[in-house]
Amino acid sequence: MGWFHMSETRVRFAPSPTGYLHMGGARTALFNWLLAKHSGGRFILRIEDTDRKRSTTEFLDAILEDHRWLGLVWDEGPKIGGAAGPYFQSERADTYAPLIQKLLDEGSAYRCFCSPEELDDRRSRSSQKGHDWKYDRKCAALSKEQSAEHDAEGRSSVVRFRIPDGKTSFDDMVLGPVEVDNQELDDLVIARSDGTPTYNFVVVVDDSQMGITHVVRGSDHLSNTPKQILIAKALGTEPPEFGHLPLVFGPDKQVLSKRRGAVAIGEYRRRGYLPEALVNYMALLGWSCGGEQEFFSLDELVAEFDISKVSRKAAAFDPEKLAWMNAQWIKRLSVPERTARVVPFLAAAGLVSDTPDEKKLAELERIVHLIDDRLKTLADIVEHAGFFLAADITFDDIAVEKVLTKRESVNILDGLYGLLSDAPDFESETIEELTRRLAEKRGVGVGKVVRPVRVAVTGKEVSPGIFETLSLLGREKVLARLKAASELASTLTTE
RNA sequence: GGCGCCAUCGUCCAGUGGCUAGGACGCCGGCCUCUCAAGCCGGUAACACGGGUUCGAUCCCCGUUGGCGCUACCA
């Protein structure tokens with residue numbers, strides 16, 4: 001090695017393409033990325049795809065896309081490669097066998113011929129007596145001859161790492177000093193009977209060969225750490241720094257996991273969440289820089305991030321607060337920016353084309369401007385803007401029932417129809433004035449008049465300010481809809 | 001069971017050996033108002049328990065309880 005500066009911070013995130021990235025995994029990726037960027041280092045993506053049966057390219061592509069979308073661009077990894085490649089664990093297979101042999105030769109590891117059945121048997125017998133089970137080192141002292149004999153008998157074997165005596169300690173970046181007595185550790189299997197290396201061995205080798213300086217991962221890996229440090233030392237390499245992040249719970253206080261149906265990051269994207277909001281929310285889930293600032297851009301996070309300030313307490317993720325944060329980020333978008341982001345959602349609903357022309361875009365911006373702060377998600381645009389863009393409106397049954405069946409509705413709609421037909425222009429001020437005049441004439445508040453008009457024109461009981469809405473919709477559509485609604489209302493009230 | 005990690009409002013995050021324990025989400029009420037959002041104002045709500053140490057503990061120590069993780073020829 002020598003292709004990287006020893007002083008450079010090299011951090012990795014190592015997902016398995018056996019499922020989608022969810023909030024928990026994404027937060028780990030984010031914290032890794034922030035640690036790297038804060039210290040001017042590199043963020044490396046390594047794909048742990050050794051479980052060939054469960055790994056799929058669909059998951060891989062989704063994971064990569066989610067990283068890009070969140071802004072967590074990797075400096076080395078899939079698609080772009082790098083000097084420490086390959087970045088797919090499945091392509092690194094041939095580097096492990098010689099290292100296992102090395103440990104075997106040096107006595108740091110030994111072959112074990114105990115079959116899984118034997119082990120199960122001894123394990124259960126031991127636990128019946130109330131003892132905790134650790135491999136009993138039955139094969140730890142096997143001579144070369146005995147091993148050869150077993151081989152001759154065709155017995156299969158694994159390779160176990162010999163845990164040395166003593167204590168293992170490290171200074172966790174999040175948890176602080178951690179020390180374990182090696183007696184608590186098991187002589188773990190590092191190579192299966194088919195020769196393939198196991199996780200705890202592979203990570204150590206990969207991290208070492210890739211020059212990883214800091215390993216940030218979920219605290220579910222905390223108890224693996226001493227074993228990995230011991231393996232690294234046996235291999236003659238310096239273990240990296242470790243930082244164990246508290247787990248992320250769902251609102252049910254259960255650890256977020258793929259199998260519990262944790263929401264995939266891509267799903268948030270499809271639901272109209274902003275990457276800025278996700279990133280901001282995840283960063284604040286278990287981390288704070290002490291102050292009361294609640295909005296952080298990725299750049300600000302890079303500047304402020306300090307892994308030692310990560311909480312040691314598991315945090316429950318709150319969808320409500322995420323939703324609020326998303327709305328806040330949407331509010332901060334300028335109208336043109338917001339419009340651009342909303343187009344894909346309108347296109348998916350068939351309301352506009354994927355690439356609206358300038359004229360359409362200008363219209364959309366007026367609509368978006370009018371909708372103002374009502375969007376909680378980008379996807380909300382469809383229900384808010386649908387009546388502007390669709391040729392026909394869809395009436396909300398309850399709105400019709402509550403409003404258009406009222407006796408006075410027909411008169412109001414017809415009355416306004418008349419006034420608006422003769423209106424000198426279709427500016428919102430004009431429309432408001434005419435509407436208020438109608439209300440006054442009828443001796444009711446303006447709200448009484450607005451209500452049926454709103455239902456008539458939007459199909460719903462809620463919408464942005466009605467005068468602006470009518471103005472933007474244009475006289476032609478407004479008159480047509482007032483007329484249609486009046487007819488509908490009269491069929492409903494005559495009964 | 002063993003080993004380990006953790007413990008401030010329902011949730012997220014501050015905080016100090018002495019504070020009316022702070023902010024945010026949510027919730028409740030009010031203002032604004034053509035509806036709904038947004039915004040603004042106000043309210044609700046927490047230091048798990050028991051021992052120490054100390055003049056004084058939410059904070060330091062020990063224990064209890066509780067939560068979680070690990071305990072594979074999975075990663």
Side-chain angles (χ1 to χ4, degrees), chain A residues 14-16 18 48-51 54 89 112 114-116 119-120 123 127 129-135 156-160 172 174-176 178-181 183-186 188-200 202-203 218-226 244 246-247 249 251 253-255 281 284-295 309 311-325 327-328 331 371-376 380 384 399 403 432 435-436 439 445-451 453-455 458 460-467 469:
Chain A
S16 303
T18 55
E48 313 230 315
D49 59 346
T50 43
D51 188 341
R54 292 194 303 143
Q89 209 161 58
C112 169
C114 299
S115 70
L119 290 170
D120 282 347
R123 194 168 5 232
S127 67
K129 288 192 218 152
H131 299 141
D132 56 313
W133 162 262
K134 241 177 33 171
Y135 178 62
S156 68
S157 66
V158 299
V159 177
R160 285 183 186 272
D172 192 279
V174 175
L175 301 172
V178 178
E179 181 180 80
V180 302
D181 194 321
Q183 284 182 7
E184 301 298 334
L185 274 26
D186 211 345
L188 67 154
V189 172
I190 56 175
R192 303 182 184 91
S193 49
D194 65 1
T196 58
T198 59
Y199 168 76
N200 276 303
V202 169
V203 249
S219 65
D220 49 338
H221 286 282
L222 185 58
S223 45
N224 283 325
T225 307
H244 289 91
L247 269 10
F249 292 148
K253 299 295 261 175
Q254 295 297 301
V255 177
Y281 182 79
L284 261 23
L285 197 58
W287 173 82
S288 108
C289 61
E292 277 173 4
Q293 184 177 346
E294 49 192 349
F295 297 107
K309 286 188 179 151
S311 166
R312 291 176 302 281
K313 183 185 162 190
F317 136 73
D318 179 6
E320 301 260 15
K321 190 156 186 177
L322 205 213
W324 169 80
M325 180 144 279
Q328 293 296 317
K331 280 176 57 174
I371 290 169
D372 200 38
D373 291 340
R374 290 173 179 80
L375 297 181
K376 297 272 173 286
D380 287 348
H384 281 105
V403 180
E432 176 162 6
T435 308
R436 289 191 186 277
V446 71
K448 282 277 187 210
V449 175
V450 164
R451 211 144 96 104
V453 173
R454 173 169 279 123
V455 174
T458 72
K460 292 178 298 211
E461 282 192 280
V462 301
S463 81
I466 193 66
F467 311 120
T469 298

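A note on names: the letters A, B, ... follow the listed sequences, proteins ahead of strands, and every chain is numbered from 1.
- Distance check on atom C1': B:rG63 versus B:rC28 gives 41 Å, rounded to whole Å.
- Comparing B:rC19 with B:rG1, their P atoms sit 40 Å apart, to the nearest whole Å.
- One atom, CE of A:M325, and another, P of B:rG23, lie 17 Å apart when rounded to the nearest Å.
- At the heavy-atom level, A:V178 lies nowhere under 4.0 Å from the strands shown.
- Residues A:T225 and A:D172 are not in side-chain contact: their nearest non-hydrogen atoms beyond the backbone lie 4.5 Å or more apart.
- Side-chain nitrogen and oxygen atoms of A:R374 include none within less than 4.0 Å of the OP1 or OP2 phosphate oxygen of B:rU35.
- Using a 4.0 Å heavy-atom distance criterion, A:Q254 is classed as a sugar-phosphate-only contact.
- The A:K376 side chain lies nearest to B:rA38 when the options are B:rG69, B:rC73, B:rA38.
- Interatomic distance, NE2 of A:H244 versus OG of A:S223, reported as 8.5 Å (0.5 Å rounding).
- Counting any heavy atom pair closer than 4.0 Å across all strands shown, A:L247 reaches sugar-phosphate atoms only and no base atom.
- Distance check on atom C1': B:rU53 versus B:rU58 gives 16 Å, rounded to whole Å.
- Within 4.0 Å (heavy atoms only), A:S16 reaches sugar-phosphate atoms of the nucleic acid but no base atom.
- Shown are A:R451, A:R454, A:E432; of these, the side chain to side chain contact (heavy atoms under 4.5 Å, CB included) with A:I466 is made only by A:R454.
- Contact between A:P464 and A:I371 at its shortest, heavy atoms only, is CG-CA, 4.1 Å.
- Within 4.0 Å of A:N224, counting heavy atoms only, lies at least one base atom of the nucleic acid.
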Pick out the pairs of N or O atoms, protein on one side and nucleotides 10-13 of chain B on the other, that lie under 3.5 Å.
residue : atom : partner : partner atom : Å
B:rC12  : OP1  : A:A316  : N            : 3.1
B:rC12  : O2'  : A:L284  : O            : 3.2
B:rC13  : OP1  : A:G286  : N            : 3.0
B:rC13  : O3'  : A:S288  : OG           : 3.3
B:rC13  : O2'  : A:S288  : OG           : 3.3

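- With both ends at atom C1', the span from B:rA45 to B:rC9 equals 5 Å, rounded to whole Å.
- Among the protein residues, A:P251 comes within range of no part of the nucleic acid, since none of its heavy atoms lies under 4.0 Å from any strand.
- Contact annotation for A:V158: base contact, defined as any heavy-atom pair under 4.0 Å involving a base atom.
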Next item on the list: Taking Watson-Crick and G-U wobble pairs with both distances under 3.5 Å, convert RNA chain B into its dot-bracket string, 5' to 3', dots for unpaired and | for cross-strand pairs.
Entry: (((((((..((((....[...))))((((((.......))))))...(((((..]....))))))))))))....

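- How far CG of A:L284 is from CD of A:E294: 8.5 Å, rounded to the nearest 0.5 Å.
- Across the protein-nucleic acid pair, A:L222 atom CG and B:rC70 atom P stand 11 Å apart, rounded to whole Å.
- In terms of modelled atom types and a separation under 3.5 Å, the side chain of A:Y281 and the main chain of A:D318 share a donor-acceptor contact.
- Across the P atoms, B:rC59 and B:rG51 are found 13 Å apart, a figure rounded to whole Å.
- Residue A:R436 is classed as a sugar-phosphate contact, given heavy-atom separations below 4.0 Å to backbone atoms only.
- Spacing between B:rC41 and B:rG56 at atom C1', rounded to whole Å, works out to 38 Å.
- Map A:I371 and A:P116 each onto its nearest nucleotide of RNA chain B; the residue landing nearer the 5' end is A:I371.
- As a whole-Å value, the separation of A:R54 CZ from B:rA75 P is 9 Å.
- Judged by distance alone, the side chains of A:N200 and A:T198 never bring a donor and an acceptor atom under 3.5 Å apart.
- Taking every heavy atom of both residues into account, A:Q183 and A:K134 meet most closely at O-NZ, 2.6 Å.
- We find the OG-CZ distance between A:S219 and A:R312 to be 12.5 Å, quoted to the nearest 0.5 Å.
- Between the CD1 atom of A:I190 and the P atom of B:rC73 there is a distance of 13 Å, rounded to whole Å.
- Taking 3.5 Å as the limit, the base of B:rC5 and the side chain of A:S219 contain no donor-acceptor pair of atoms between them.
- Residue A:H221 is in base contact, counting any heavy-atom pair closer than 4.0 Å across all strands shown.
- Taking atom CZ of A:F467 as the reference point, atom P of B:rU35 lies 10 Å away to the nearest angstrom.
- In this structure, A:K134 reaches neither bases nor backbone, as no heavy-atom distance under 4.0 Å exists between it and the strands shown.
- Atoms NZ and CZ, on A:K331 and A:R374 in that order, are 12.0 Å from each other to the nearest 0.5 Å.
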What's touching nucleotides 39-43 of chain B from the protein side, N or O pairs under 3.5 Å?
residue : atom : partner : partner atom : Å
B:rG39  : OP1  : A:Q328  : NE2          : 3.4
B:rG39  : OP1  : A:K331  : NZ           : 3.1

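- When all heavy atoms are compared, the tightest approach of A:C289 to A:K309 is O-NZ, 4.2 Å.
- When rounded to the nearest whole Å, the span between CD of A:E179 and P of B:rC5 equals 11 Å.
- No N or O donor and acceptor, one from the side chain of A:R451 and one from the base of B:rC34, sit under 3.5 Å apart.
- Among all heavy-atom pairs drawn from A:V174 and A:S311, the shortest one is CG1-O, 3.9 Å.
- Comparing the P positions of B:rC25 and B:rA37 gives a spacing of 16 Å, expressed to the nearest Å.
- A pairwise comparison of heavy atoms in A:L185 and A:P226 identifies CD2-CB, 3.9 Å as the closest pair.
- If you measure from atom CD of A:E461 to atom C1' of B:rA37, you get 15 Å, rounded to the nearest angstrom.
- With B:rG22, B:rA75, B:rC73 as the candidates, the nucleotide lying closest to the side chain of A:Y199 is B:rA75.
- Taken from OH in A:Y135 to CZ in A:R160, the straight-line distance is 5.0 Å, to the nearest 0.5 Å.
- For A:R160, the side-chain atoms get nearest to B:rC73 when compared with the rest of B:rC3, B:rC73, B:rC70.
- What separates CG of A:D372 from C1' of B:rU33 is a distance of 14 Å, to the nearest Å.
- Classified by interplanar angle (parallel below 30°, tilted 30° to 60°, perpendicular above 60°), the ring pair A:H221/A:Y199 is tilted.
- The side chain of A:T50 lies closest to B:rA75 when the candidates are B:rA72, B:rA75, B:rC25.
- Map A:E294 and A:E184 each onto its nearest nucleotide of RNA chain B; the residue landing nearer the 5' end is A:E184.
- A:R454 comes within contact range of at least one nucleobase, with a heavy-atom separation under 4.0 Å.
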